[in-house]
Amino acid sequence: MTTLLNGKELSEELKQKMKIEVDELKEKGLTPHLTVILVGDNPASKSYVRGKEKACAVTGISSNLIELPDDTTEEELLSIIDEQNNDDSVHGILVQLPLPDQMDEQKIIHAISPAKDVDGFHPINVGKMMTGEDTFIPCTPYGILTMLQSKDISLEGKHAVIIGRSNIVGKPIGLLLLQENATVTYTHSRTKNLQEITKQADILIVAMGRAHAINADYIKKDAVVIDVGINRKDDGKLTGDVDFENAKEKASFITPVPRGVGPMTITMLLKNTIKAAKGLNHVER
């Protein structure tokens, strides 16, 4: 019997707990604040940003959106980031990706203060995660790990196979699972005999960006399947990288798309923002 890993339900539970925590911080005179910077008019980016604004409002986190035109120069964006870095009332800074072609995304990410890098993308925070130090964990991997832990899914000694090697999802989730004593195998677009490898997985995490690329033939019986993919079908509906209806017959736990990993990504962004506010104001964690 397959159990659904419903990220939307879990995110609502966590946001209610965060609201209590934020209320307590406000009583001490501290209101966590997130600044989101959006360059251009990418519809998907605008949708994500609206979701983040709504989630902040639910938890009581203060937020503001800086919207910039598509022809904004890299120097102009760097100047705005510098202002936010030096504003003590701002605890978290998020620059919505992707950025226009005239900008170097890595240069922009490097410009954000590591203490306000609530996306967890700055090399200093990535390095701290690598060595197991306290830091900001990238939101999607953080959300995946939280979902697994919420169902008491044992990770120790388990074989986790990851399809995808992005800096945002694939690489960091593998590291987090390794730190939980799982045995991790990375696979990607150039992996040979992919199906042979994925069928060995106790935990299969799919972040390919290809709709329904993975079906039951790739899945070991009773594996835990986490689908990170978000693809839009011809009818406008969202679907994942995993053929859900087919795969759920084999999986013990599986995430849906939508209402799976996506809501958890935004929720962990809020958690990181609260953490940043505490850290910058030396509040006991």
Side-chain angles (χ1 to χ4, degrees), residues 7-8 10-39 45-67 80-97 108-126 128-129 133-147 149-150 168-169 172 176 261-285:
K8 183 170 176 55
L10 178 58
S11 72
E12 293 303 323
E13 291 176 20
L14 293 173
K15 281 187 285 190
Q16 289 307 310
K17 291 178 182 178
M18 281 186 237
K19 185 179 186 307
I20 294 170
E21 185 176 7
V22 170
D23 286 344
E24 290 173 351
L25 289 173
K26 285 180 176 178
E27 289 176 5
K28 298 175 183 177
L30 173 60
T31 300
H33 182 89
L34 172 68
T35 292
V36 178
I37 303 172
L38 175 64
V39 185
S45 292
K46 284 192 169 184
S47 176
Y48 293 145
V49 166
R50 283 196 298 271
K52 289 164 185 172
E53 286 183 308
K54 185 177 178 182
C56 283
V58 167
T59 55
I61 292 173
S62 171
S63 71
N64 71 300
L65 171 63
I66 299 174
E67 292 188 86
I80 290 169
I81 291 172
D82 187 56
E83 289 174 4
Q84 300 300 308
N85 282 338
N86 291 298
D87 186 339
D88 291 341
S89 70
V90 175
H91 305 115
I93 302 169
L94 183 149
V95 177
Q96 184 65 48
L97 303 178
I108 299 302
I109 289 168
H110 289 201
I112 298 170
S113 166
K116 298 186 179 187
D117 168 41
V118 288
D119 253 341
F121 293 163
H122 194 286
I124 286 177
N125 290 328
V126 173
K128 285 184 175 182
M129 182 179 65
E133 295 180 55
D134 183 35
T135 191
F136 298 113
I137 300 171
C139 301
T140 298
Y142 196 5
I144 293 169
L145 184 62
T146 301
M147 291 175 81
Q149 292 171 336
S150 74
I168 294 173
V169 180
L176 293 177
V261 174
M264 290 298 295
T265 297
I266 294 177
T267 301
M268 304 329 281
L269 170 68
L270 304 182
K271 194 171 182 68
N272 278 346
T273 300
I274 295 169
K275 180 185 180 78
K278 289 180 175 182
L280 288 169
N281 290 273
H282 309 293
V283 175
E284 185 177 342
R285 300 187 202 184

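Here the structure is a predicted model, which means the values were calculated and not measured. Hydrogens, waters and symmetry mates are skipped; everything else that's a heavy atom, side chains included, is used.
Between I93 and L34, the shortest heavy-atom distance links the atoms N-CD1, 4.2 Å. The minimum heavy-atom distance between P32 and I61, with the atom names listed, is O-CG2, 3.4 Å. The two atoms that bring C139 and N272 nearest to each other are SG-ND2, 3.9 Å, heavy atoms only. Here the closest heavy-atom approach between residue H122 and residue I112 is recorded as CD2-O, 3.1 Å.
Heavy-atom neighbours of K26 NZ from other residues, nucleotides or ligands within 6.0 Å: above the threshold of 12. Residue N86 places its CG atom among more than 12 non-hydrogen atoms of other residues, nucleotides or ligands, all under 6.0 Å distant. Counting heavy atoms of neighbouring residues, nucleotides and ligands inside a 6.0 Å radius, atom NZ of K271 does not exceed 12 of them.
Shown are V126, N125, I124; of these, the side-chain contact (heavy atoms from CB on, under 4.5 Å) with T135 is made only by N125.
Atom CG of L270 sits about 11.0 Å away from atom CD of E21, to the nearest 0.5 Å. The CD1 atom of I274 sits 12.5 Å away from the NZ atom of K17 when rounded to the nearest 0.5 Å.
Looking only at side-chain heavy atoms (C-beta outward), D134 and K275 come within less than 4.5 Å of each other.
A donor-acceptor distance shorter than 3.5 angstrom exists from the side chain of N85 to the backbone of S113, with no hydrogens or angles considered. Using modelled atom types, one side-chain atom of K116 and one backbone atom of Q84 make a donor-acceptor pair closer than 3.5 Å.
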